Amino acid sequence: MRIIQLDEEKKNNILEGLLKRDPNQYGQYAQTVEAIVEDVKNRKDQAVFEYTKKFDHADISADNIRVTEEEIRQAMESVDPQLIEVMIKSMANIEDHHRRQLRQSWFSSRPDGTILGQKITPLERVGVYVPGGKAAYPSTVLMNIVPAKVAGVDRIIMTTPPGADGKVNPVTLTAAYLAGVREVYKVGGAQAVAALAFGTQSIPRVDKIVGPGNIFVALAKKAVYGHVSIDSIAGPSEILVIADESANPRYVAADLLSQAEHDELASAILVTDSMALAQAVSKEVDLFLGQLSRKAILEKSLENYGYILVVDSLEEAIETANDIASEHLEIATKNPFEVMTKIRNAGAIFIGEYSSEPLGDYFAGPNHVLPTNGTARFFSPLGVDDFIKKSSIIYYSREALEKVHEEIEQFASAEQLTAHANSIHVRFQKEDV
């Protein structure tokens, strides 16, 4: 990996380069995606079937678009029972973590007859998009479905692209069944997002769409936002490691590569105040590259967005991490908990040398759907709050309103909204006469 002695100009250049990975920058695909979305909106099922044939080479119709109970049973029978046990344990950890996020409705009353509060209501219908085709992402299934179930969502609809044989990956189906979802449709890409957003004859319209996908899925979610809610527009995966001379270079190298293997746009960055560690990590990366199966992707990813940044102090390393606001942040220093308290911007923070990033991807419990491309400055991981809505509760007795009605009328009149003022005034008009 390239080693860079960091200064302000180089940091700014790196930040600018990382932002180019943002799906919002891929405008050349936007017109294609918008055309697909509009076509599905207008022609519904027929458009979905045609795009599925075109992009996934599968013959899907109203008769077979929904996964049957028999298909689920066959899928579960074909999956390694040990993997099922692992998924069950992972799901238990995810559920436990997200149950701690649950909010309660609350109400506050005063002696004058005023009641104010907030009512928490789960979303009624949520669509979960899961990438598919040849690959299987059961962890994504669990991370999106479990918090929705914990939140109390009434109906969860999952879409995932089929293979050319018209079947859904059995591991994906098994994870959905374990998580409690029975409504799965064989459709992927922008056409799936559009179907969930507007509804078709076969696929119901939802209130919110969550789940990762390729650039076409990301842009489709952006296109339908406002018609429905979405979780985020996810960019390529990224990891940043803060490490000092106490870190194990082999561990650091392995963790950087764990994210670089996702795709050629993935970002892997080490920030350290030790040149000796930087050099040792670079050597370990080279050794691992000769052993790992996705070597071509790893090399391209590191060439594009892989950096070892050497800074003058640990404080500068922390400042750099906060500027980059990485999706995944690992802290491998002598006092990692102290460093953690100074981190403002990160999707998930992994503390200490035995808390490697894949622990969060698969098993620990916190959600692995995280803000990318610097959006950790203002976005949070997917959680229970993404599947609820809040309604304000307001109750005033006559006595309570009488004490303040003149002030409200004055405020409304100051904005020249006389109908607003009148709405209050009429309730006390008799007394004024």
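Worth saying up front: this structure is predicted, and the values here are computed from it rather than measured.
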Side chains of residues 187-205: which donor-acceptor partners sit under 3.5 Å, not counting sequence neighbours?
from   : atom 1 : to     : atom 2 : distance (Å)
Gln191 : NE2    : Gly188 : O      : 2.9
Thr200 : OG1    : Asp45  : OD1    : 2.7
Thr200 : OG1    : Ser202 : N      : 3.1
Thr200 : OG1    : Ile203 : N      : 2.9
Gln201 : OE1    : Asp45  : N      : 3.0
Ser202 : OG     : Asp45  : OD1    : 3.4
Ser202 : OG     : Asp45  : OD2    : 2.6
Arg205 : NE     : Ala197 : O      : 3.2
Arg205 : NH2    : His227 : O      : 3.2

Legend entry - Main-chain N/O of Ala234 paired to Thr372 side chain as donor or acceptor, under 3.5 Å: no
Inset, instruction - Find out whether Leu6 and Tyr307 are in side-chain contact, i.e. whether some heavy atom of one side chain is under 4.5 Å from a heavy atom of the other. - result: no
Legend entry - Shortest non-hydrogen contact from Tyr129 toward Pro161: OH-CD, 3.8 Å
Inset, instruction - First locate atom CZ of Phe107, then atom CD1 of Ile115, and finally report the distance between them rounded to the nearest 0.5 Å. - result: 8.5 Å
Legend entry - Spacing of Asn12 atom CG and Asp7 atom CG [to the nearest 0.5 Å]: 9.0 Å
Legend entry - Non-hydrogen side-chain atoms of Leu83 and Thr174 separated by less than 4.5 Å: no
Legend entry - From Gln31 atom CD to Leu219 atom CG, the distance as rounded to the nearest 0.5 Å: 12.5 Å
Legend entry - Nearest-0.5 Å distance, CD of residue Glu124 to CG of residue Asp154: 5.5 Å
Legend entry - Contacts of Glu399 that satisfy salt bridge (charged side-chain N to carboxylate O under 4.0 Å, His left out) - sequence neighbours left out: none
Legend entry - Flag side-chain contact, heavy atom, 4.5 Å: Ile331 against Phe337: no
Legend entry - Side-chain touch Thr160/Val141, heavy atoms, less than 4.5 angstrom: no
Inset, instruction - Search all heavy atoms of Val184 against all heavy atoms of Ala176 and return the closest pair with its distance. - result: CG2-CB, 4.4 Å
Inset, instruction - Look at the side chain of Asn373 and the backbone N and O of Leu18, then say whether any donor-acceptor pair between them is shorter than 3.5 Å. - result: yes
Inset, instruction - Identify, with sequence neighbours excluded, every residue that meets side-chain contact (heavy atoms from CB on, under 4.5 Å) alongside Lys149. - result: Ile145, Ile156
Legend entry - Greater than 12 external heavy atoms within 6.0 Å of Arg110's CZ: no
Legend entry - Minimum heavy-atom distance between Ala175 and Met87, given as atom pair plus value: CB-SD, 3.9 Å
Inset, instruction - Could you check if a side-chain atom of Leu116 sits within less than 4.5 angstrom of a side-chain atom of Ile394, using non-hydrogen atoms only? - result: yes
Inset, instruction - Indicate yes or no for a side-chain donor-acceptor contact from Ser397 to the backbone of Ala400 under 3.5 Å, with no hydrogens or angles considered. - result: yes
Legend entry - Closest approach of Phe363 to Val86 (non-hydrogen atoms, all atoms of both residues): CE1-O, 4.1 Å
Inset, instruction - Taking the side chain as every heavy atom from C-beta outward, state whether Val126 and Val206 have any atom pair closer than 4.5 Å. - result: no
Legend entry - ring-ring contact (aromatic ring centres under 6.0 Å, His included) partners of residues 160-194, not counting sequence neighbours, each pair once: none
Legend entry - Criterion side chain to side chain contact (heavy atoms under 4.5 Å, CB included) against Asp56, the qualifying member of Ile60, Thr52, Asp59: Thr52
Legend entry - Expected output: side-chain Lys221 to main-chain Ile209 donor-acceptor under 3.5 Å: no
Legend entry - Smallest separation among heavy atoms of Ala412 and Ala421, with atom names: CB-N, 3.6 Å
Inset, instruction - State the CD-CZ distance between Gln429 and Arg427, to the nearest 0.5 angstrom. - result: 11.5 Å
Check residues 98-105 and write down every donor-acceptor pair under 3.5 Å in which the side-chain atom is one partner and the other belongs to a residue at least two apart or another chain.
from   : atom 1 : to     : atom 2 : distance (Å)
His98  : ND1    : Ile94  : O      : 2.7
His98  : NE2    : Asn367 : ND2    : 3.3
Arg99  : NE     : Glu95  : OE2    : 3.1
Arg99  : NH2    : Glu95  : OE2    : 3.2
Arg100 : NE     : Asp96  : OD2    : 3.4
Arg100 : NH2    : Asp96  : OD1    : 3.4
Arg100 : NH2    : Asp96  : OD2    : 3.3
Gln101 : OE1    : Val384 : N      : 2.9
Arg103 : NE     : Asp385 : OD1    : 3.1
Arg103 : NE     : Asp385 : OD2    : 3.3
Arg103 : NH2    : Asp385 : OD2    : 2.9
Ser105 : OG     : Ile120 : N      : 2.8

Legend entry - Heavy-atom check, side chain of Ile84 versus side chain of Leu178, under 4.5 Å: yes
Inset, instruction - Report the residues that fulfil salt bridge (charged side-chain N to carboxylate O under 4.0 Å, His left out) with Glu71, sequence neighbours left out, ordered by chain and then residue number. - result: Lys186
Inset, instruction - With rounding to the nearest 0.5 Å, note down the distance linking OH in Tyr305 to CD in Glu238. - result: 11.5 Å
Inset, instruction - Not counting sequence neighbours, which residues clear side-chain contact (heavy atoms from CB on, under 4.5 Å) with Glu357? List them please. - result: Ile239, Ser258, Gln259, His328, Glu330, Phe350, Asp361
Inset, instruction - List the steps, then state whether side chain to side chain contact (heavy atoms under 4.5 Å, CB included) holds for Ile233 with Tyr225. - result: CA-CA 10 Å; Ile233 302 173; Tyr225 178 64; over 6 Å; no
Legend entry - Ser301 (side chain) donor-acceptor with Ile297 (main chain) under 3.5 angstrom: no
Legend entry - Partners meeting side-chain contact (heavy atoms from CB on, under 4.5 Å) with Lys389 (sequence neighbours left out): Thr121, Leu123
Inset, instruction - Could you tell me which residues satisfy salt bridge (charged side-chain N to carboxylate O under 4.0 Å, His left out) with Glu9, sequence neighbours excluded, listed by chain and number? - result: none
Inset, instruction - Answer yes or no: is there a side-chain heavy-atom contact under 4.5 Å between Asp386 and Pro147? - result: no
Inset, instruction - For Thr320 and Ile269, run side chain to side chain contact (heavy atoms under 4.5 Å, CB included): C-alpha distance rounded to whole Å, both residues' side-chain angles, the deciding distance at 0.1 Å, then the answer. - result: CA-CA 11 Å; Thr320 300; Ile269 299 173; over 6 Å; no
Inset, instruction - Might you point out which heavy atoms bring Lys390 and Ile388 nearest each other, and give the distance in Å? - result: CE-CD1, 4.4 Å
Inset, instruction - Give a yes or no on whether the backbone of Arg344 and the side-chain of Asn322 come within a donor-acceptor separation of less than 3.5 Å. - result: yes
Legend entry - Salt bridge flag under 4.0 Å for residues Glu319 and Lys11: yes
Legend entry - Residue pairs, two or more places apart or on separate chains, that pass side-chain hydrogen bond (donor to acceptor under 3.5 Å, both in side chains) and touch residues 410-424: none
Legend entry - Residues forming a salt bridge (charged side-chain N to carboxylate O under 4.0 Å, His left out) with Lys44, sequence neighbours excluded: none
Legend entry - Pairs touching residues 77-88 that satisfy side-chain hydrogen bond (donor to acceptor under 3.5 Å, both in side chains), sequence neighbours left out: Arg73-Glu77
Inset, instruction - In plain terms, say whether Asp244 and Lys334 are close enough for a salt bridge, that is, a side-chain N and a carboxylate O under 4.0 Å apart. - result: no
